[in-house]
Number of protein chains: 2
Amino acid sequence: MSVTSPAGPSQATVETIKQKARLLSIYSMMSTTAAGSGHPTSCMSAAELMAGIFFYAMKFDPKNANSNNDDRFVLSKGHAAPVLYSALAEAGVFPVSRVMTLREFSSELEGHPTPRIHGVDAATGSLGQGLSVGAGLAIGARMDKSDTRVYVLLGDGEMAEGQIWEAAEFAGHYKLDNLTVIADVNALGQSEPTMYQHDMETYRKKFDSEGFATEVIDGHDVSAVLAALDRAKAAKGRPQAILARTIKGHGFAEVAGKMGWHGKPFSKEQLARAIAEQGGTPPVVPPDPGKSYERKPLPTPPEFPAAPAPEYEAGKPVATREAYGFALKRLGSVNPHVVAVSCDVKNSTFSDFFGDAYPDRFCQGYIAEQNMISVGVGLAARGKVPFLDTFACFHSRAYDQVRMAAISRANINLCGSHCGVSIGEDGPSQMALEDIAMMRAVHSSAVLYPSDAISTERLTETMARRPGINYLRTSRPKTAILYSKDEKFPLPGFKVPRQSAQDKVTVVGAGITLHEALKAADQLKSQGTAIRVIDLYCIKPIDGKALAEQIKATGGRLVTVEDHWPEGGLGEAVLTALAEAGAAPSKFKLLAVNGMPHSGKPDELVDAFGISARHIVDAVKEVSQ
Amino acid sequence: MSVTSPAGPSQATVETIKQKARLLSIYSMMSTTAAGSGHPTSCMSAAELMAGIFFYAMKFDPKNANSNNDDRFVLSKGHAAPVLYSALAEAGVFPVSRVMTLREFSSELEGHPTPRIHGVDAATGSLGQGLSVGAGLAIGARMDKSDTRVYVLLGDGEMAEGQIWEAAEFAGHYKLDNLTVIADVNALGQSEPTMYQHDMETYRKKFDSEGFATEVIDGHDVSAVLAALDRAKAAKGRPQAILARTIKGHGFAEVAGKMGWHGKPFSKEQLARAIAEQGGTPPVVPPDPGKSYERKPLPTPPEFPAAPAPEYEAGKPVATREAYGFALKRLGSVNPHVVAVSCDVKNSTFSDFFGDAYPDRFCQGYIAEQNMISVGVGLAARGKVPFLDTFACFHSRAYDQVRMAAISRANINLCGSHCGVSIGEDGPSQMALEDIAMMRAVHSSAVLYPSDAISTERLTETMARRPGINYLRTSRPKTAILYSKDEKFPLPGFKVPRQSAQDKVTVVGAGITLHEALKAADQLKSQGTAIRVIDLYCIKPIDGKALAEQIKATGGRLVTVEDHWPEGGLGEAVLTALAEAGAAPSKFKLLAVNGMPHSGKPDELVDAFGISARHIVDAVKEVSQ
């Protein structure tokens with residue numbers, strides 16, 4: 001439906017788009033009034049912009065709404081969902097009647113957009129994330145040498161979010177000229193006017209400074225909107241920002257430009273007056289026939305052949321973080337969809353092995369973790385298989401983005417290196433001690449925590465095949481290789497590197513603590529006590545029944561040990577899995593980092609904070625009594 | 001030690017500062033070489049800037065280094081810790097010998113600064129947070145009508161973090177002219193050159209657009225540094241940014257301006273050459289006598305008299321989020337240190353009750369959660385008692401900042417409203433389902449989850465008295481009042497609103513699920529089954545022994561139910577507390593949100609996602625079998 005002409009829009013086109021804008025505004029009001037909740041005024045400020053984007057600028061096939069051959073749209077101000085649904089309906093993605101089911105339990109048209117419907121690539125509604133998603137779609141298109149253009153509608157309130165400026169600097173730096181920002185500057189937030197209100201010059205300066213081709217327009221002047229969209233499309237070498245001065249509640253004088261109308265639907269009487277003010281009678285929308293529309297299927301990562309087997313020198317310790325780098329490079333050789341982004345730590349997480357081998361599929365994310373995660377969501381929406389890395393602790397910077405990625409049903413893979421106190425001298429700011437808790441509490445996530453190079457390699461490959469959010473926790477210290485290169489690591493699953501019929505206690509660890517558990521097993525053996533040691537390389541999901549059998553074999557006596565806070569980590573995951581399998585341990589001790597750590601040598605810290613072999617030996621004795 | 005003169009620095013002063021800079025650079029090199037790790041080159045780029053700040057601009061008493069009467073300094077680029085320690089030592093806060101214990105297990109001089117030492121207000125090392133902390137210190141000083149000035153040293157790599165721009169817009173908007181940014185633009189990141197390298201003009205434009213008085217200088221020209229600091233001090237009505245072009249590794253030609261030297265100490269031979277290049281012999285630093293230095297005590301919130309008792313109309317339901325607003329206002333009347341910040345949701349979280357009553361102690365944070373949390377850390381460092389609110393799900397935006405606040409030993413109070421599926425129509429982007437997991441995994445945190453207005457009020461007051469990170473989870477729906485206004489809610493603690501000698505099963509809930517549990521108890525009673533219902537208003541800490549007695553009284557049969565993901569939430573917290581008390585439940589069922597929710601009415605969703613009274617009744621029957 002792209003009708004752009006080099007000569008600029010004709011008057012007839014302008015009139016057509018005006019009519020579309022009027023419909024989008026009216027449908028937005030009608031649907032929110034029907035729902036009894038929602039944000040009509042936030043839709044009304046954007047009606048002309050949305051009409052211009054969808055019915056003038058975008059190359060868009062309503063029957064194939066997320067096609068990599070066409071343009072893409074991201075509604076960053078997700079609370080304006082009704083205006084998006086109205087545009088999708090008016091374009092023919094689903095009937096207009098469906099818009100009137102907004103926010104109902106049985107409707108896929110939610111209060112904020114989710115990718116349950118065609119035409120939505122990523123969930124929005126946590127503000128300030130959409131420009132990063134758009135940048136991911138845009139840089140993915142560039143990798144594909146596609147002429148896809150990406151349009152992102154921003155609200156002005158959300159431009160207070162730092163992530164917007166992370167995305168803007170990213171787009172500017174990479175000269176993403178296939179990315180157009182349209183900012184709906186309606187000057188009113190939820191609780192107060194926005195920081196800059198209608199100071200368009202400040203917004204202009206901000207986008208200018210990021211390297212955008214920037215212009216300020218009247219967002220309710222359709223001719224101006226269309227002309228700006230034309231100029232954006234013609235811009236070369238840099239992203240574009242169309243900064244539109246708008247009025248919240250435009251088109252209904254009772255509320256237009258007034259505080260106190262955020263997130264409030266109109267009464268039926270107000271709705272009638274608003275439609276009258278827009279010069280028409282209410283459109284007749286038939287009742288929606290129900291749940292017959294095709295819902296967008298959940299995406300799955302593309303298939304690929306097995307990666308070459310890992311090769312490691314026998315007896316030579318390798319850090320799991322380094323094995324991740326090798327694995328990613330090997331994966332790159334068999335899966336052309338794999339791409340990677342790193343936040344200025346590629347030489348510590350070792351994704352530089354991949355980046356050096358496949359520079360066209362690697363992207364420097366600089367120190368901007370929020371943007372990296374949401375760029376990954378955009379890349380995934382284009383069918384890429386993104387691997388996104390930083391120090392494990394700094395993924396906490398982007399927890400909201402990971403949460404939203406799960407709501408987006410995105411297939412993204414995260415690697416967090418340098419977990420726990422075992423990093424040593426750098427101190428607590430660089431130690432991830434909450435990442436297992438954080439990543440477990442993500443819908444349909446997998447949380448993987450390998451203890452050697454072989455398992456790291458195999459799990460990295462598994463991540464590329466598994467839908468959803470996959471998290472790999474890697475460690476800084478070099479550790480011994482435990483498994484042969486042909487070993488399999490299914491999800492869920494665990495390994496039992498030490499076992500005998502005489503085992504008194506089961507000790508479950510992963511990463512550095514597995515190696516401490518093995519040391520403890522040796523010490524205890526020399527004292528005549530056998531223990532079972534479990535490598536819980538997959539902390540989520542856990543097969544509670546299989547685990548329960550192991551613990552039962554040791555009389556229900558269990559010690560868990562982890563380089564993490566006690567809350568929400570490996571120990572709690574194990575306990576819950578056992579309890580749900582009806583097999584609570586008879587005696588139990590959870591070892592975890594037991595105080596605020598500080599700088600020191602890795603071994604000093606592992607011991608001082610309660611998770612070394614010595615503590616495991618003591619705990620085994622305690623639960624054996 | 002402020003020696004600023006209106007006539008500008010004398011040549012003698014310039015020479016003195018040059019000498020100080022040389023010492024700071026040399027001590028930084030010596031200490032990192034001694035430690036065998038650390039970031040000497042990141043210190044060397046900042047030596048002249050640090051010398052100018054500490055020995056020329058700042059009003060600073062080394063014997064009272066965090067005084068509210070003097071100026072404050074925040075090292076945002078925390079990896080340059082050695083240059084800060086060198087400055088503090090040279091100023092007399094501790095002996096220079098102590099700097100040479102850098103990164104040792106027994107030293108409080110950690111790899112990145114923490115407030116274990118005098119002169120540090122907040123932990124840094126997760127980049128991009130220091131300007132927000134500085135803004136908090138600055139706005140706190142303004143609230144106190146103090147002439148404190150705040151200096152923040154930024155690195156250029158961290159200026160890619162969006163939070164820097166959240167802080168900049170905040171400082172610009174509030175015209176914090178007592179805040180000076182000094183940016184050490186050395187052009188080199190860890191793994192690559194920075195995004196803008198030495199493009200000083202782009203940085204200038206960016207700070208200009210945020211309303212700063214901005215200038216670009218040569219950061220190694222001491223005269224220029226001192227003159228810029230003078231001009232900053234004289235600036236009125238806006239914050240200032242001194243953008244200093246510097247060379248990473250300045251003063252040692254072998255490494256200066258070269259990639260590959262991030263986070264690498266010099267060999268002893270290199271150190272000798274570097275010191276020789278700086279024109280001197282190595283300073284003689286005596287061995288450090290050991291652990292005799294006074295460590296900074298942990299802060300405690302100021303004491304205050306009891307707040308007026310809550311008053312609610314009997315039988316009238318009140319949302320806990322609204323009770324929070326009442327509580328905060330009441331607290332404000334008895335505790336002058338209480339301040340509040342809200343991220344454009346004060347009319348939803350109800351902190352506007354406080355803001356309307358105490359406008360001088362309330363601050364609009366706009367939609368920038370990261371900045372809000374770190375501003376809170378700065379406010380707390382000035383002795384304020386900050387309450388920081390947004391929707392519970394959006395605290396996930398600032399998890400890294402909360403993590404760093406814990407390392408900062410900050411006393412901050414967070415309120416997250418609109419938790420769980422019980423918010424209804426707005427959909428999953430607005431539903432916090434991971435906040436309990438996230439906040440539990442914060443060192444020394446308290447996680448509070450009230451079920452009625454009275455407990456909300458009492459817990460809010462308790463937060464203002466408790467050191468550390470306190471999190472209050474409030475709900476959107478109105479709920480019945482359960483307790484009398486004189487009821488006490490100690491931490492740890494729980495209430496047992498339903499109990500009898502015949503109880504078959506214990507059901508633990510909180511918030512909306514407690515009310516569902518009470519409904520379930522009524523239904524079961526009518527069927528002849530008695531259950532015990534526990535209101536776990538304090539999810540962290542938990543008194544496992546006391547809880548175990550309750551569960552033991554019901555035959556070890558336990559059901560937990562929560563409006564949260566299963567991972568890391570109330571259920572796991574209870575299980576772990578019981579297991580550690582040696583009292584694992586005999587039969588157990590964890591009810592939690594069991595699928596990705598969507599829009600719908602609150603009751604529909606609570607039922608559809610497995611946490612309504614109906615599900616509790618079924619679970620009770622299941623564990624009773």
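Just so it is clear: chains get the letters A, B, ... in the order the sequence lines come, proteins before strands, and each one is counted from 1. Below, all heavy atoms of this structure are taken into account, side chains as well, without hydrogens, waters or symmetry copies. Just so it is clear, the structure is predicted and the values come from calculations on it, not from any experiment.
Here the straight-line distance linking atom NZ of K601(A) with atom CZ of R103(B) works out to 11.5 Å at 0.5 Å rounding. In this structure, the separation between CD on E567(B) and CD1 on I436(A) is 13.0 Å, given to the nearest 0.5 Å. Between the OG atom of S209(A) and the CH2 atom of W165(B) there is a distance of 7.5 Å, given to the nearest 0.5 Å. The line from CD of Q430(A) to NE2 of H112(B) is 3.5 Å long, rounded to the nearest 0.5 Å.
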Steps toward side-chain contact (heavy atoms from CB on, under 4.5 Å) verdict (F394(A), R403(B)): CA-CA 10 Å; F394(A) 301 136; R403(B) 179 181 81 87; 3.7 Å; yes
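Interface residue Y196(A): only side-chain heavy atoms are found under 4.5 Å from chain B.
Judged by distance alone, the side chains of N347(A) and S191(B) never bring a donor and an acceptor atom under 3.5 Å apart. Between the side chains of E104(B) and S599(A), no donor-acceptor pair of N or O atoms lies under 3.5 Å. E425(B) and S37(A) form no side-chain donor-acceptor contact under 3.5 Å, judged by distance and modelled atom types alone.
Look at K589(B) and E580(A) and you find no salt bridge, because none of the NZ, NE, NH1 or NH2 atoms lies under 4.0 Å from a carboxylate O. Using a cutoff of 4.0 Å between basic side-chain nitrogens and carboxylate oxygens, K346(A) and E192(B) are scored as salt-bridged. By the 4.0 Å N-to-carboxylate-O rule, E210(A) lies close enough to K206(B) to be salt-bridged with it.
For the residue pair E110(A) and P597(B), the shortest heavy atom distance occurs at OE1-O, 4.4 Å.
Aromatic ring centres of H598(B) and F105(A) lie closer together than 6.0 Å.
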